[in-house]
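First up is the structure itself, then whatever we jot down about it.
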Amino acid sequence: MPRLPPSVARGSGGCNAVVQAEDTKMKPEERLLRDLYEPELRGNALAELSKVPLLPFLVCWLYIPVLEDLASSISSELIDSVMVLKREMFKNLAPLMWHSFGSIIILLREILSVYPALSPPTLTACASSRVCNAIALLQSVASHPETRTSFLKAYIPIYLYPLLNTVSNARSFESLRLTSLGVIGALVKADDTEAIGFLLQSEIIPLCLRIMETGKELSKTVATYIVERIVLDEAGLQYICFTVERFFALASVLQSMVISLAEQPSARLLKHIICCYHRLTDHPRALRALRISFPEALKNGTFDHCLEDDPVARNFLQQLLDTLAAPWDEAPDSGPGSAVGGTPHVGPGSSQAGPSRVRR
Ligand code: TRP
């Protein structure tokens, strides 16, 4: 772990003799972590921290390895403190990082540094875990309401797209995709139409669909969650149902996930799939298409056992089945145009039809 600058390493000067005696036995970074954790000492520690550039601290963070590594060098109370501190810091770190000089570029450089290892796939576990730490820091910027808009205006999510676009099954790639999806997940979680608009224009959906098709359970789940949040947004639902190709791209991935879940159930993933279908039925043309092709396994009780402990998902599925079974002309969404055709509207050429691509 890199040394903290001398101003942090020297101590805050406000501590009493006992604390100072203890201080001499502690490494500067341990003392700083402890002080930030202790309510009475936090003020001094933050004052100290504000005197130093954020970067060394960030670098410390980047190198704070997994807990097992920490365990050998610091006490278990300190490990707990690190966990609490990480959570606490995540709340306020984003604006601090965004406005401090050079922090974001360091993180972007970490990401750029792995591009050459993406294709052909040569990413090492070590490089992957390093870049994942950098991406986790960016996630805090994506989540924070004060920094989210600037984060989007700077097109930062686009730097993650090449990582999401990888197909290698190696663990190092899987964690790269999962951590990158975490950033996108943080954006969609915020219920921010600006963020959804950004993601639609920059064509996150095909990237998510591929991960839903080929990823491991966890990344499939996060990718499906992202798609669910996008279609819950009105613009997202219109986007996906704008052309028949888009709708069927999503419907066929959902369908094949249902088929594979019948063999390897995952209640979490199933719930997101059900929520996606449920939302799609709000669109009249999608509803008509789903009436014609809806996975049999969701109708015939295959997943009753899997949904045993999730009354919300069960209820959603029931509502969904009721909507699909309702007589056509009684369906709440069938408008005057609904008698024509049973599938989403085939719009003009898809690339002109949808929102234009984000310029890089
Ligand atoms: N340019 C494509 C489109 O606008 C992007 C795309 C490919 C897509 N596959 C998709 C969008 C699946 C939604 C769903 O259609």
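Along the sequence shown, the residues carry numbers beginning at 1. Order of listing sets the numbers, starting from 1, for every ligand and every atom in it.
Close contacts of ligand 1 with A249, meaning ligand atoms under 4.0 Å from a residue heavy atom, involve 12 (C). Close contacts of ligand 1 with I205, meaning ligand atoms under 4.0 Å from a residue heavy atom, involve 13 (C), 14 (C).
Between R268 and K271, every side-chain heavy-atom pair lies at or beyond the 4.5 Å cut-off.
In the model, R177 has a side-chain atom that pairs as donor or acceptor with a side-chain atom of T166 under 3.5 Å. Between E213 and S256, the side chains place no donor N or O within less than 3.5 Å of an acceptor N or O (distance only, hydrogens not considered).
Remark: Y159 OH is loosely packed, at most 12 non-hydrogen atoms of other residues, nucleotides or ligands lying under 6.0 Å away.
The closest approach between any non-hydrogen atom of Y239 and ligand 1 is below 4.0 Å. Not a single heavy atom of L250 lies less than 4.0 angstrom from ligand 1.
Scanning both residues, V131 and E110, for their nearest heavy atoms gives CG2-O, 3.6 Å.
Counting heavy atoms under 4.0 Å from ligand 1, residue T243 does not touch it at all. Proximity of E203 to ligand 1, defined as any heavy-atom pair under 4.0 Å, is confined to the side chain (atoms from C-beta onward).
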